[in-house]
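Sequence lines set the chain letters: A, B, ... in the order given, protein chains first and strands last, and positions in each chain run from 1.
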Number of protein chains: 2
Amino acid sequence: MRLVDEGGIEGLSMRKLAAELDVNPMSLYHHVESKEALLGLICHGAAEGMALPPDDGSPWEHQLRELALAYHRHVKAHPAMWAYLHNHPEAIADREMPIWQALYRVLRLAGVPESELWRTGDVLHAFVSGFVMAETLGHLPGDGREIERDFDTAIRLMTHGLSGLSG
Amino acid sequence: MRLVDEGGIEGLSMRKLAAELDVNPMSLYHHVESKEALLGLICHGAAEGMALPPDDGSPWEHQLRELALAYHRHVKAHPAMWAYLHNHPEAIADREMPIWQALYRVLRLAGVPESELWRTGDVLHAFVSGFVMAETLGHLPGDGREIERDFDTAIRLMTHGLSGLSG
DNA sequence: ACCTGAACACCGTTCAAGT
DNA sequence: ACCTGAACACCGTTCAAGT
């Protein structure tokens with residue numbers, strides 16, 4: 001994980017990792033099937049350990065914002081990993097993962113029916129991840145304060161759009 | 001471009017491309033500074049040639065939908081290129097590109113003020129690209145008809161959210 | 001200005017051999 | 001079960017030499 005944070009996804013090579021562990025490169029293949037499998041395990045573990053806001057009884061709009069902010073923080077802390085994850089979503093496909101359960105809880109609060117939970121969650125996640133990745137890569141113009149404003153704009157756009165759907 | 005479409009971004013190597021052109025691998029470096037620069041040129045060219053719906057005088061909601069659908073089609077035709085572009089947005093950073101001008105035209109129709117054009121465009125693009133990439137990678141559940149419905153849901157969420165902002 | 005061959009410093013992975 | 005060295009089939013790129 002440190003190798004990915006420091007040198008991007010190409011910063012982690014089987015040979016470099018083996019060197020860090022003072023071990024033969026080929027030994028790794030006895031614990032993991034391939035480099036892809038290793039990256040999958042790294043992503044899954046990191047996403048599972050992501051800090052999530054608890055249910056504090058506040059309105060769903062506020063809790064959705066807090067959840068998006070927690071996601072935002074995690075992506076900013078591990079941008080290369082999330083860029084990879086964005087193109088290899090299988091690693092967080094499990095609906096039982098804390099990150100999804102937290103989102104579904106908020107969406108239930110927002111009145112999204114059980115049958116639409118996965119669909120709505122996927123659309124919202126696609127939106128937020130698209131935005132956060134664009135920001136992380138420096139694609140968005142303006143300084144830090146303006147981008148914060150953009151993020152708020154985006155969250156309001158989503159929550160307003162969401163109430164339009166369920167209302 | 002054909003190499004990228006067929007074998008993903010790793011499908012294009014300087015050596016393979018040189019072989020296709022019946023030329024020495026090193027000759028490529030007299031026309032392009034690096035592999036990254038080459039990929040940038042490929043992406044820029046393809047994005048510039050993207051088919052865009054003309055202004056047919058219909059309401060902005062409809063035109064935004066048509067624009068999103070055109071984008072959707074292009075991504076589905078060149079998924080690997082867009083996945084790369086998603087992580088290397090410099091290649092389409094130029095605000096004068098047709099794809100951006102088309103979006104700004106629709107946003108003006110929607111009543112977005114000139115000072116908010118770039119910001120709003122970036123947020124919407126981040127949203128749509130996040131969604132389309134998730135779909136392209138098979139991250140979204142359901143069959144083709146359901147995903148079409150998701151896409152409509154997403155567009156309505158955006159347009160409704162957008163009118164909430166400017167209204 | 002453009003092309004080339006040899007070389008450098010890397011990759012992921014297979015395989016046969018070891019404990 | 002786990003580790004290893006040698007080898008295979010690749011990479012991007014530099015550099016000196018050619019036309």
Side-chain angles (χ1 to χ4, degrees), chain A residues 1-48 78-94 133 136-139, chain B residues 1-48 78-94 133 136-139:
Chain A
M1 184 64 175
R2 211 190 63 241
L3 287 171
V4 173
D5 281 344
E6 285 171 7
I9 228 67
E10 303 89 5
L12 171 66
S13 81
M14 300 303 268
R15 296 171 113 108
K16 270 194 239 170
L17 176 60
E20 294 253 338
L21 299 171
D22 259 320
V23 94
N24 187 287
M26 301 317 123
S27 304
L28 300 176
Y29 286 89
H30 285 275
H31 301 90
V32 107
E33 214 180 328
S34 65
K35 189 188 177 181
E36 273 204 17
L38 173 61
L39 284 169
L41 288 172
I42 292 174
C43 290
H44 185 90
E48 200 145 40
H78 309 291
M81 188 201 82
W82 280 99
Y84 178 82
L85 207 36
H86 202 265
N87 290 13
H88 299 78
E90 324 83 50
I92 52 168
D94 182 3
M133 281 314 301
T136 302
L137 293 165
H139 185 38
Chain B
M1 185 63 176
R2 212 190 62 241
L3 287 170
V4 173
D5 281 343
E6 285 171 6
I9 227 66
E10 303 91 2
L12 172 66
S13 82
M14 300 302 268
R15 297 171 114 107
K16 268 193 240 171
L17 176 59
E20 295 253 338
L21 298 171
D22 258 320
V23 96
N24 188 288
M26 300 318 125
S27 304
L28 300 176
Y29 285 89
H30 286 273
H31 301 91
V32 108
E33 213 180 330
S34 64
K35 189 188 176 178
E36 272 204 16
L38 173 61
L39 284 169
L41 288 172
I42 291 174
C43 290
H44 184 89
E48 201 145 38
H78 310 291
M81 189 200 81
W82 281 99
Y84 179 82
L85 207 37
H86 203 264
N87 290 14
H88 298 79
E90 324 84 49
I92 50 167
D94 182 4
M133 281 314 302
T136 302
L137 293 164
H139 185 38

Measure from the side chain of [X], starting at C-beta and using heavy atoms only, and say which of [options] lies closest.
X: A/N24; options: D/dT4, C/dT13, D/dG12; answer: D/dT4
X: B/M26; options: C/dT13, D/dG12, D/dT14; answer: D/dT14
X: A/K35; options: D/dC3, C/dG12, C/dC11; answer: C/dG12

TODO: Pick the C1' atom in C/dA1 and in D/dA17, then give their distance to the nearest Å.
DONE: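 It comes out at 15 Å once rounded to the nearest Å.
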Open item on the list: Please report the distance separating the C1' of C/dA9 from the corresponding atom of D/dC10, rounded so that it comes out in whole Å.
Closed with: 13 Å
Open item on the list: Return the pairing partner of D/dC10 with a 3.5 Å limit on both distances, Watson-Crick or G-U wobble; otherwise return none.
Closed with: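 Paired with D/dC10, as far as the under-3.5 Å criterion goes, is no nucleotide at all.
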Open item on the list: Applying the Watson-Crick and G-U wobble criteria at under 3.5 Å, what pairs with D/dA16? Answer none if nothing qualifies.
Closed with: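 Base-paired to C/dT4.
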Separation of [N] [atom2] from [X] [atom1] (nearest whole Å):
X: A/I9; N: D/dC11; atom1: CD1; atom2: C1'; result: 18 Å
X: B/E33; N: D/dT14; atom1: CD; atom2: P; result: 9 Å
X: A/R15; N: D/dA9; atom1: CZ; atom2: C1'; result: 12 Å
X: A/E36; N: C/dC11; atom1: CD; atom2: P; result: 18 Å
X: A/L39; N: C/dG12; atom1: CG; atom2: C1'; result: 12 Å
X: B/E10; N: D/dG12; atom1: CD; atom2: P; result: 11 Å
X: B/L28; N: C/dC3; atom1: CG; atom2: P; result: 9 Å
X: B/Y29; N: D/dC11; atom1: OH; atom2: P; result: 11 Å

Task: Short side-chain N/O contact from B/H31 to OP1 or OP2 of C/dC3, under 4.0 Å - done: yes
Grab the two heavy atoms, one from [X] and one from [Y], that are nearest each other, plus how far apart they are.
X: B/E10; Y: B/K16; result: O-NZ, 4.2 Å
X: B/L3; Y: B/E20; result: CD2-OE2, 4.0 Å
X: A/V4; Y: A/A80; result: O-CB, 3.7 Å

- [ ] Hey, which sits more toward the 5' end of DNA chain C by its nearest nucleotide, A/H30 or A/L12?
- [x]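 The residue closer to the strand's 5' end, by nearest nucleotide, is A/L12.
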Open item on the list: Does this structure show an ion pair linking A/R2 with A/E6, if we count only N-O contacts that are shorter than 4.0 Å?
Closed with: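 Judged by the 4.0 Å cut-off on N to carboxylate O distance, A/R2 and A/E6 do form a salt bridge.
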Open item on the list: Counting the atoms with a prime plus P, OP1 and OP2 as sugar-phosphate, which does A/S27 contact under 4.0 Å by heavy atoms, base, sugar-phosphate, or nothing?
Closed with: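 The residue A/S27 makes base contact.
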Task: Spatial distance of atom CG (A/L41) from atom CE (A/M1) [nearest 0.5 Å] - done: 13.0 Å
